[in-house]
Amino acid sequence: MQNYKTYIDESGNTGDNLTDKNQKYFVLAGVSIPISMEETLKNTIRDLFMSVKEKEETEIKATKWVKTAKKNTVLKKILQEMVAVGCDFSVVVIEKRYMVTSLIVDDFLDGAYNDIEDYTWCNNREEKIKASQYFYEILDDEDIEFIAKSFTAPTLEGMRMALNKIICKTKDARYLTMLQGCHIEELYEDDLDLVKDTSKMSSGAVRSPNYVAFSALGTLVANHCKRKAYGTELIFDSCLLCNDAYRYVVELFQRMKSDEIIEHLLGIFPWANIINNYNVGDSKDMILLQTADIVATSILKTLEKVFNDIQINSYDQFIIDFIKNILTAGGFWYLLGTNNLKKLHKVLI
């Protein structure tokens with residue numbers, strides 16, 4: 001069995017700040033590279049980097065490189081080489097505002113914490129999407145900012161005030177009935193238990209896009225491993241907010257017991273003997289971590305143009321085609337509001 005290493009990096013990270021108007025989206029990318037091809041890919045990246053680097057540059061920083069035709073041409077060549085040597089790609093895209101409204105549905109419409117034991121929004125994906133979009137549309141930016149803080153830094157009073165704010169805006173009878181029946185004290189206590197169970201992390205990390213994205217990304221990587229029968233080590237470009245949170249996720253899934261029903265319904269399965277290890281590194285010292293930065297940043301910058309109706313260039317079109325291929329291979333996961341989802345579908349058709 002051939003083994004791989006999966007290099008992971010992010011773009012658009014604002015930690016537990018879910019309402020930063022300058023960073024509305026978060027992208028996490030994993031590049032799974034056959035160990036037998038690592039030296040070949042390293043040499044190619046070094047040669048291409050040296051061909052266009054400026055005097056003071058010590059590594060590729062995709063945020064800057066995507067902006068110039070000369071350097072994004074090099075990025076394109078690196079991505080093409082990654083494909084040529086047999087890399088697998090896993091990408092997660094999150095619209096932070098929509099993530100907040102999804103948390104509203106997950107928590108406040110959960111029948112386990114309600115007078116009415118209705119689990120529609122836990123078990124029916126389409127109903128969950130519909131409800132998340134409803135709250136996305138009725139809540140303004142000030143509401144979202146207040147509610148987001150109740151999730152990332154929960155207090156009983158803060159959660160109660162957030163719930164009341166949502167109730168005041170809600171006109172849909174089904175949602176209103178569930179919101180009014182929510183057992184906020186029980187929900188708060190369970191949130192506290194979650195933080196205690198993840199004691200090495202802040203409560204903000206647990207409810208940040210990073211944590212959600214990494215759980216989704218790991219499942220995408222594990223699916224590649226299962227499909228091609230290989231194992232992998234995960235290597236993440238170090239980030240103090242996320243290092244412990246990501247390690248916790250890996251350990252949680254490695255300890256998980258197999259459950260056919262959960263796998264069928266949610267696509268979640270144990271990572272034991274699939275994802276073998278988790279480590280952190282520094283892209284300055286590990287050149288292959290830069291491949292994940294290239295993927296994450298290129299996709300973020302292109303999708304920002306798509307979502308904001310800004311004209312795309314030839315590199316953006318290359319990235320859109322690149323996303324299509326990742327999607328076809330089962331390596332693309334997203335959490336987006338309806339308008340942005342429609343825009344994404346339009347360019348991918």
Side-chain angles (χ1 to χ4, degrees), residues 2-13 25 27-91 93 221 224 232-239 279-306 310-329 331-332 347:
Q2 179 169 222
N3 284 322
Y4 285 54
K5 287 185 180 179
T6 299
Y7 297 88
I8 301 169
D9 203 357
E10 47 75 23
S11 191
N13 182 12
Y25 311 99
V27 176
L28 190 67
V31 181
S32 300
I33 304 172
I35 291 176
S36 61
M37 300 304 298
E38 282 198 328
E39 287 305 315
T40 298
L41 189 55
K42 284 180 187 178
N43 292 334
T44 299
I45 294 172
R46 287 193 190 99
D47 290 345
L48 289 169
F49 171 67
M50 294 301 295
S51 70
V52 293
K53 74 177 286 291
E54 296 172 22
K55 185 177 180 180
E56 68 280 5
E57 287 184 309
T58 58
E59 63 177 311
I60 296 171
K61 286 295 184 183
T63 301
K64 294 182 179 179
W65 281 44
V66 296
K67 296 177 182 178
T68 66
K70 182 179 180 181
K71 289 186 175 180
N72 66 37
T73 297
V74 167
L75 296 183
K76 179 179 177 180
K77 290 179 180 178
I78 292 172
L79 289 168
Q80 289 171 327
E81 182 64 15
M82 289 156 65
V83 173
V85 301
C87 294
D88 287 323
F89 303 93
S90 305
V91 177
V93 179
V221 171
H224 285 312
T232 189
E233 173 186 358
L234 303 184
I235 303 171
F236 177 68
D237 194 9
S238 183
C239 171
N279 284 301
V280 297
D282 188 329
S283 59
K284 292 183 178 64
D285 303 320
M286 303 180 72
I287 192 169
L288 292 180
L289 271 171
Q290 296 170 37
T291 62
D293 173 50
I294 293 169
V295 173
T297 301
S298 296
I299 288 176
L300 175 64
K301 296 305 180 184
T302 294
L303 290 184
E304 283 180 337
K305 289 183 181 180
V306 170
I310 297 172
Q311 185 174 0
I312 63 173
N313 58 33
S314 59
Y315 183 68
D316 296 318
Q317 186 57 57
F318 169 79
I319 293 300
I320 288 170
D321 293 336
F322 185 66
I323 293 172
K324 290 179 185 178
N325 291 332
I326 297 174
L327 185 61
T328 300
F332 195 75
V347 297

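Source: prediction; values computed, not measured.
- A donor-acceptor pair under 3.5 Å is absent between the side-chain atoms of Asp9 and the main chain of Ala292, judged by distance alone.
- In this structure, Val27 and Val91 have side chains that are in contact, with non-hydrogen atoms separated by less than 4.5 Å.
- Under the 3.5 Å distance criterion, the side-chain polar atoms of Gln290 are matched with a main-chain donor or acceptor of Ile60.
- Tyr315 and Ser298 form a side-chain donor-acceptor contact under 3.5 Å, judged by distance and modelled atom types alone.
- Note that the CD1 atom of Ile33 and the CG atom of Asn3 stand 14.0 Å from one another [nearest 0.5 Å].
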Next on the checklist: Run Trp65 and Val52 through side-chain contact (heavy atoms from CB on, under 4.5 Å) and show every step you take.
Outcome noted: CA-CA 10 Å; Trp65 281 44; Val52 293; 3.5 Å; yes
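- Residues in residues 33-46 take part in these salt bridge (charged side-chain N to carboxylate O under 4.0 Å, His left out) pairs, two or more places apart or across chains: Glu39-Lys42.
- The structure places CG of Leu289 at 10.5 Å from NZ of Lys5, a figure rounded to the nearest 0.5 Å.
- With rounding to the nearest 0.5 Å, the separation of SG in Cys87 from CG in Leu41 is 5.5 Å.
- In this structure the side chain of Ile235 never reaches within 4.5 angstrom of the side chain of Ile8, judged on heavy atoms.
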Item to check | Trace of the side-chain contact (heavy atoms from CB on, under 4.5 Å) decision for Val31 with Met82 | outcome: CA-CA 9 Å; Val31 181; Met82 289 156 65; 3.7 Å; yes
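- Checked by atom type and distance alone, the side chain of Thr291 pairs as donor or acceptor with a backbone atom of Leu288 at under 3.5 Å.
- Heavy-atom contacts from other residues, nucleotides or ligands closer than 6.0 Å to NZ of Lys67 number 12 or fewer.
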Item to check | Working for side-chain contact (heavy atoms from CB on, under 4.5 Å), residues Tyr4 and Asp88 | outcome: CA-CA 10 Å; Tyr4 285 54; Asp88 287 323; 4.2 Å; yes
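- A centroid separation of 6.0 Å or more is found between the aromatic rings of Tyr7 and Phe236.
- To the nearest 0.5 angstrom, Phe332 atom CZ is 10.5 Å from Phe322 atom CZ.
- Between the side chains of Thr232 and Thr6, at least one donor N or O lies within less than 3.5 Å of an accepting N or O.
- Thr302 and Asp316 share a donor-acceptor pair across their side chains, judged by distance under 3.5 Å alone.
- Looking at His224, its side chain does come within 3.5 Å of a backbone N or O of Phe89 through a donor-acceptor pair.
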Checklist entry - Can you list the steps and then say if Ser283 with Glu59 is a side chain to side chain donor-acceptor pair (under 3.5 Å)? => result CA-CA 8 Å; Ser283 59; Glu59 63 177 311; 2.8 Å; yes
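- A distance of 5.0 Å separates CG in Leu79 from CD1 in Ile319, rounded to the nearest 0.5 Å.
- Nearest heavy atom pair, residue Gly281 against residue Asp237, reads O-OD1, 3.4 Å.
- Take Asp47 and apply the side chain to side chain donor-acceptor pair (under 3.5 Å) test, not counting sequence neighbours, and it matches no residue.
- Between the side chains of Gln317 and Asp321, at least one donor N or O lies within less than 3.5 Å of an accepting N or O.
- For residues 69-82, the set of pairs meeting the salt bridge (charged side-chain N to carboxylate O under 4.0 Å, His left out) definition, not counting sequence neighbours, comprises Glu54-Lys71, Glu57-Lys71.
- When all heavy atoms of Leu300 and Ser11 are compared, the pair lying nearest together is CD2-OG, 3.1 Å.
- With rounding to the nearest 0.5 angstrom, the CD1 atom of Ile323 is 4.5 Å from the CD1 atom of Ile299.
- Residue-environment remark: CD (Glu56) exceeds the threshold of 12 foreign heavy atoms within 6.0 Å.
- By the neighbour-count criterion of 12 heavy atoms within 6.0 Å, atom NZ of Lys53 is densely surrounded, having more than that number from other residues, nucleotides or ligands.
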